[in-house]
Amino acid sequence: RIELSLIINTGSTGIPPKSINFVVSNLNGEVVYRSNTQNWNEKMRQGFRTGNVKNGKYQIYFAAVSASIPSFAQPRIP
């Protein structure tokens with residue numbers, strides 16, 4: 001199991017996200033895991049059970065969606 005820390009900063013807009021998506025995809029772009037929450041906090045931890053997917057390389061990212069403006073933060077995990 002890996003755990004990732006997430007700090008949400010609304011910046012100068014001050015628009016809070018409506019929801020936070022946690023997405024894991026393989027290198028072909030196929031989503032193998034997705035988690036969504038509308039209950040978020042400025043500091044969060046997200047866990048992912050790696051035993052549920054095959055060994056390999058994956059892209060992991062968070063997507064914060066506001067009521068009208070989507071924004072994306074994509075930290076890469078080697």
Side-chain angles (χ1 to χ4, degrees):
R1 177 177 165 98
I2 60 170
E3 291 192 5
L4 304 167
S5 296
L6 175 65
I7 298 174
I8 300 171
N9 182 346
T10 59
S12 61
T13 64
I15 300 172
K18 182 177 180 180
S19 65
I20 303 290
N21 296 300
F22 174 69
V23 183
V24 178
S25 63
N26 62 24
L27 297 183
N28 295 326
E30 177 186 356
V31 174
V32 296
Y33 179 81
R34 179 184 314 236
S35 174
N36 175 284
T37 185
Q38 293 181 350
N39 301 318
W40 60 273
N41 203 338
E42 290 179 0
K43 294 182 180 181
M44 298 173 55
R45 290 186 68 76
Q46 173 71 44
F48 174 62
R49 296 184 189 279
T50 57
N52 294 336
V53 296
K54 295 179 185 176
N55 288 341
K57 295 183 178 183
Y58 293 90
Q59 296 177 352
I60 299 173
Y61 62 93
F62 291 95
V65 182
S66 71
S68 60
I69 305 170
S71 62
F72 301 94
Q74 298 187 8
R76 300 227 176 211
I77 307 297

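Computed from a prediction, not measured in an experiment: that's the story for all the values here. Side chains included, hydrogens not; waters and symmetry mates left out as well; all remaining heavy atoms used.
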As a quick check of understanding, evaluate side chain to side chain contact (heavy atoms under 4.5 Å, CB included) for T37 and M44, giving each step before the final call. CA-CA 11 Å; T37 185; M44 298 173 55; 4.1 Å; yes
Hits for side chain to side chain contact (heavy atoms under 4.5 Å, CB included) against N36, two or more places apart or cross-chain, chain-then-number order -> S19, N21, Q38
Tell me which donor-acceptor pairs under 3.5 Å the side chains of residues 24-31 have, and how far apart each pair is, sequence neighbours excluded?
unit_1	atom_1	unit_2	atom_2	d
N26	OD1	N28	N	3.0
N26	OD1	G29	N	3.2
N26	OD1	E30	N	3.0
N26	ND2	E30	OE1	3.2

How far apart are the C-alpha atoms of Y33 and V53, what are their side-chain angles, what is the distance that settles it, and do they pass the side chain to side chain contact (heavy atoms under 4.5 Å, CB included) test? CA-CA 9 Å; Y33 179 81; V53 296; 5.6 Å; no
